[in-house]
Chemist: 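What follows is a structure written as structure tokens; I'll ask about it next.
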Amino acid sequence: MPARRRGEEHAAKAVDAGVDGLVVVGAEAGGHPPPALVSTLVMVRAVARRAPGTPIIASGGFADGAGLAAALALGAGAAQFGTRFLASAESNAHPAYKQAVLAAGVGDTRTVGHQLGMVRLLANDFAERMGELERTGAGLERRRAEFTGSSLRMAAFDGDVTWGKVEAGQSAGLVDAVLPAADIVRGLAEEYAAALAGLPPLDRRSGP
């Protein structure tokens, strides 16, 4: 199966195995995005077409109510807001980790660890070092040693946002405050309603 079809193929196999639903992750997501880095916009539509009727949670790039409206329009029944809730008052991530998310722009993440379990994380010294090894063609074992020498725990629990894996999605650039989870949910609902209200009306008189 060509790489461009793997997402849909994996989804179809999961449906055939009897899953109740699917979490469909696009390239924008923090942590482990799809190897081919297909965007959420395309991946969710591809899976929705391949597995009609299967509940889908869209993941990757969502931080506000407008994103939720987009996810539902793509055919998902819900959206996952990992990076947004990482920067919540209830999150047990280290304060330095949360501040790194708040300081990030949409272009401040990197994907590193190709062939090793690729991750998307915020740019830091670790990410730059891994990127250099990958660009210069360092051997797999050399890269593996560097990759496994850093961890998410270093960043999330110890607060080492320089050499730890500060995993976050591109939506970090849309997060500008640490808020209680209840306030985040309330804001999502309000933004979702505003997004729907702002859509142009469908003039049924104009035909299909």
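It should be emphasised that the depicted structure is a prediction, and the values quoted were computed from it without experimental measurement.
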Chemist: Check the hydrophobic clustering (I, L, V, M, F, W, Y; side-chain heavy atoms under 4.5 Å; chains of links allowed) and say if Met154 and Met130 are grouped together.
Modeler: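 Cluster IDs for Met154 and Met130 match.
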Chemist: May I have the step-by-step check of side chain to side chain contact (heavy atoms under 4.5 Å, CB included) for Phe126 and Asp160, ending in yes or no?
Modeler: CA-CA 10 Å; Phe126 164 72; Asp160 185 351; over 6 Å; no
Chemist: Please check if the side chain of Lys165 supplies one atom and the backbone of Phe147 the other of a donor-acceptor pair under 3.5 Å.
Modeler: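 Yes, the answer is positive, given that a donor and an acceptor are paired below the 3.5 Å cut-off.
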Chemist: Assigning hydrophobic clusters by single linkage (Ile, Leu, Val, Met, Phe, Trp, Tyr; side-chain heavy-atom cutoff under 4.5 Å), is Leu22 placed with Ile57?
Modeler: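 No; Ile57 is not reachable from Leu22 via cluster members.
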Chemist: Specify the closest pair of heavy atoms between Val101 and Ala168, including all atoms of both residues, with the distance to one decimal.
Modeler: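 In this case the closest contact between Val101 and Ala168 is CG2-CB, 4.4 Å.
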Chemist: Report, as yes or no, whether the 6.0 Å neighbourhood of atom CG on Asp16 holds more than 12 heavy atoms from other residues, nucleotides or ligands.
Modeler: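 More than 12 within 6.0 Å, yes.
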Chemist: Ignoring hydrogens and angles, tell me if any N or O in the side chain of Asn124 forms a donor-acceptor pair with the backbone of Val161 under 3.5 Å.
Modeler: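 Pair found, side chain donor or acceptor close to backbone of Val161.
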Chemist: Do the side chain of Arg84 and the main chain of Asp64 share a donor and acceptor less than 3.5 angstrom apart?
Modeler: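 Looks like no, no N/O pair under 3.5 Å.
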Chemist: Please lay out, stage by stage, how Tyr97 and Val166 fare under the test side chain to side chain contact (heavy atoms under 4.5 Å, CB included).
Modeler: CA-CA 7 Å; Tyr97 197 119; Val166 189; 3.9 Å; yes
Chemist: Let me know which of Asp108, Thr111, Val112, Leu152 forms a side chain to side chain contact (heavy atoms under 4.5 Å, CB included) with Leu121.
Modeler: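 The option that passes is Val112.
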Chemist: Please confirm whether the backbone N or O of Gly60 pairs with a side-chain atom of Thr40, one donor and one acceptor, at under 3.5 Å?
Modeler: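 Such a contact is found between Thr40 side chain and Gly60 backbone.
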Chemist: Please name the pair of heavy atoms, one in Ala11 and one in Val47, separated by the smallest distance, quoted to 0.1 Å.
Modeler: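 Ala11 and Val47 have their closest heavy atoms at CB-CG1, 3.6 Å.
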Chemist: Let me confirm one number: the NZ-NE2 distance from Lys13 to His10, rounded to the nearest 0.5 Å.
Modeler: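 Going from NZ on Lys13 over to NE2 on His10, the span is 5.5 Å.
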Chemist: I'd like to know if Leu102 and Leu179 are part of one continuous hydrophobic network [Ile/Leu/Val/Met/Phe/Trp/Tyr, side-chain heavy atoms within less than 4.5 Å].
Modeler: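 No, Leu179 and Leu102 fall in different hydrophobic clusters.
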Chemist: Please check this pair: side chain of Ser88 against backbone of Ser91, looking for a donor-acceptor N/O pair closer than 3.5 Å.
Modeler: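 Yes, the answer is positive, given that a donor and an acceptor are paired below the 3.5 Å cut-off.
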Chemist: Mind listing the closest non-hydrogen atom pair of Arg110 and Gly107 along with its distance?
Modeler: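 Scanning both residues completely, I find the closest heavy atoms to be NH1-O, 3.2 Å.
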Chemist: Which heavy-atom pair separates Ala123 from Glu128 by the least distance, and what is that distance?
Modeler: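 Looks like CB-OE2, 4.1 Å.
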Chemist: If every non-hydrogen atom of Ala58 is compared with every non-hydrogen atom of Val44, which pair is closest and at what distance?
Modeler: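 In this case the closest contact between Ala58 and Val44 is CB-CG2, 3.7 Å.
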Chemist: For a 4.5 angstrom cut-off between non-hydrogen side-chain atoms, does Phe62 reach Leu174?
Modeler: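 They are not in contact (no side-chain heavy atoms under 4.5 Å apart), so the answer is no.
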Chemist: Flag yes if Phe81 and Val106 sit in one hydrophobic cluster, no otherwise; membership is Ile, Leu, Val, Met, Phe, Trp, Tyr, and two members link when side-chain heavy atoms are under 4.5 Å apart.
Modeler: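 The answer is no; the residues belong to distinct hydrophobic clusters.
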Chemist: Is it true that Glu28 and Arg120 make a salt bridge, defined as a side-chain N closer than 4.0 Å to a carboxylate O?
Modeler: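 Looking at Arg120 together with Glu28, the answer is no, because their closest N to O distance does not fall below 4.0 Å.
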Chemist: Answer yes or no: is there a donor N or O on one side and an acceptor on the other, between the side chain of Gln80 and the main chain of Ser59, under 3.5 Å?
Modeler: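 Absent.
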Chemist: Taking all non-hydrogen atoms of both residues, which atom of Ala69 and which atom of Leu196 are closest, and how far apart?
Modeler: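 Shortest heavy-atom separation between Ala69 and Leu196 comes out as CB-CD2, 4.3 Å.
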Chemist: Does any part of the side chain of Tyr192, heavy atoms only, come nearer than 4.5 Å to the side chain of Leu188, both counted from C-beta?
Modeler: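 In short, these two side chains do not touch, never coming nearer than 4.5 Å.
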Chemist: Is a side-chain N or O of Arg45 found less than 3.5 angstrom from the main chain of Leu74, in a donor-acceptor match?
Modeler: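 Checked: pair present.
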Chemist: Linking I/L/V/M/F/W/Y whenever their side-chain heavy atoms sit closer than 4.5 Å, directly or via other members, would Val25 and Leu72 fall into one cluster?
Modeler: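 No: no chain of side-chain contacts under 4.5 Å links Val25 to Leu72.
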Chemist: Give a yes or no answer on whether the side chain of Ser150 reaches the backbone of Trp163 with a donor-acceptor pair at less than 3.5 Å.
Modeler: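 Such a contact is found between Ser150 side chain and Trp163 backbone.
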Chemist: Is Arg142 paired with Glu146 through a side-chain N to carboxylate O contact shorter than 4.0 Å?
Modeler: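 Salt bridge between Glu146 and Arg142, a charged N being under 4.0 Å from a carboxylate O: yes.
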Chemist: Salt bridge check, Arg144 against Glu141: does any charged N sit closer than 4.0 Å to a carboxylate O?
Modeler: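 Yes, charged N to carboxylate O under 4.0 Å.
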Chemist: Return the CG to CZ distance between Asp158 and Arg153, rounded to the nearest 0.5 Å.
Modeler: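 One finds 6.5 Å between CG of Asp158 and CZ of Arg153.
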